[in-house]
Amino acid sequence: MKLYSTNNKSKTVNLSSAVLQSLPEDNGLYMPLEISPLPSSFFQKLPSLSFQEISYLVAKQLMGDSIPNHTLKSIIDDAINFKAPLITVDENIHILELFHGPTLAFKDFGARFMSRLMNFFLEKSGKKVTVLVATSGDTGGAVASGFFNQDNIDVVILYPKGKVSTLQEKQLTTWGHNIKALEIDGNFDDCQQIVKSAFLDPELNNSINLSSANSINIARLIPQSFYYFEGYKQLSHSQKNINFCIPSGNFGNLTAGLLAKNLGLPINQLIAATNINDVVPKYLKTGEFNPIEAHHTLSNAMDIGRPSNFNRIMDFYGSTWNKVKKDIKGYSYNDQVTINTIVEGNSKLGYVFDPHTAIGYTAAKEYNTQFKEENTIVLSTAHPIKFKNEIQKYIDFSIPYPTTIQYTLDKQSDKKQLSNNYNDFKNYLLSK
Ligand SMILES: *Cc1c(COP(=O)(O)O)cnc(C)c1O
């Protein structure tokens, strides 16, 4: 597999460099040079394939001979070891539950796959890396869990003070060993900016081998394309067009949908659902992309005003607005609508949405009032129990935490507080 930078198509690297380096030096994003569609024989046998078999074939198609077949197979069997069931909740609306991994959010897919792939490439080269991850909540927990005890990788997590839930904070701060948590006095965009500055700082990069586990790393996106095929498979008896609706923040998940589409999955529409941080729905409406300061909302994992995968979406479409808006529809909702959907989902559908999935469902519903004869699969990005405190205010929601989560909640936190000043962070890293 060869990859280019969105800022320079002529210079390519192999998968191992893209995964270990994360960001190209020219500050672009790595994109696959070639994506060839899966053959029709794959789609014929799709209904009878297991999720792991699908994942292997999709990965193989993208990654080619970047890693040996048996290694790829064992990475997938180890990383993708939980289910992604499709639940029909409403006429023509189906929820693809991506939250059955260890941290109860879809980010387990990306983190578990990436850690194992990175570990394979590091072992081969005899190197060590420090992975930096900026998180608005769920990424850090999934990365900490996915990377815990990987000998060749230190993980440094930056999260915004006061903007993650109690459980999320526990999932970031209770690991120890190779996992360090930094509480930054700022918002998520500050955390992301610090990480970006670190990658562009030659002095720092001379002394530490840095990498990233944010969705800017292509290794996060590859496994996220697998479950589009898995969701599609579970509806393959239906004759109707199939759409995917994606609650979005940094737009990694939606970009993975574009990977799946380019791999030949017949996705009719992608529907981007955001909270009031609506720069992409606005772009789809007006053709203008204006990043904003992130606003804090109930769906905090989507509180992003400068979505880092936007340039990948542009790259897929040669920055042609007319093409983008044909394939991707955008909707955004505020917290009040989110709450109304959680309440109605519970009373009318008997299904409890977490705030992110609630936004996805609302968008699917709005889209479907116009396109009644289509099926829409909403990616459910988090288990509602992760937002128990928030949800409990509005509905009677009293299921207990799973035992693994209770165990995390009972553990002691260990975090370091830092300002949102890049130099403080740099000094911290250099003094380690
Ligand atoms: C990260 C996250 C999102 C947003 O995903 P992107 O790939 O950043 O668009 C949505 N919901 C939840 C629960 C998340 O953790």
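In each ligand, atom 1 is the first atom listed, and ligand 1 is the first ligand listed.
Interface atoms of ligand 1 facing N253, defined by a heavy-atom separation under 4.0 Å, are 7 (O). Residue S248 approaches ligand 1 through these ligand atoms, each under 4.0 Å from one of its heavy atoms: 9 (O). Below 4.0 Å from some heavy atom of P247 lie the following atoms of ligand 1, by number and element: 4 (C), 10 (C). Contact atoms of ligand 1 toward A382: 13 (C) (distance under 4.0 Å to a heavy atom of the residue). Close contacts between ligand 1 and G252 involve ligand atoms 6 (P), 7 (O), 9 (O) [criterion: under 4.0 Å to a heavy atom].
Ring-plane geometry between F113 and F226 is classed as perpendicular, the angle between the planes exceeding 60 degrees on a 0 to 90 degree scale with a lower cut at 30.
No part of A105 comes within 4.0 Å of ligand 1, judged by heavy-atom distances.
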Determine whether E183 and K415 satisfy the following criterion, salt bridge (charged side-chain N to carboxylate O under 4.0 Å, His left out), listing intermediate values before the conclusion. CA-CA 7 Å; E183 184 185 58; K415 66 188 179 193; 3.4 Å; yes
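Judged purely by atom type and a 3.5 angstrom limit, W321 uses its side chain to pair as donor or acceptor with the backbone of L284. Checking side-chain atoms of D185 against main-chain N and O of N420 turns up no donor-acceptor pair under 3.5 Å.
Using a 4.0 Å heavy-atom cutoff, F106 is listed among the residues neighbouring ligand 1.
With H383, Q168, M302, K107 as candidates, the residue nearest to atom 2 (C) of ligand 1 on a non-hydrogen basis is K107.
Looking at D354 next to ligand 1, no N or O pair under 3.5 Å apart turns up. Checked by distance only, ligand 1 and G249 come closer than 3.5 Å through their nitrogen or oxygen atoms. Distances between N or O atoms of H356 and those of ligand 1 include no value under 3.5 Å.
A salt bridge links D77 and K73; the closest N-O separation between the charged side-chain nitrogens and carboxylate oxygens is under 4.0 Å.
More than 12 heavy atoms of other shown residues, nucleotides or ligands fall within 6.0 angstrom of atom NZ in K411.
In this structure, F353 has its ring center under 6.0 Å from that of Y351.
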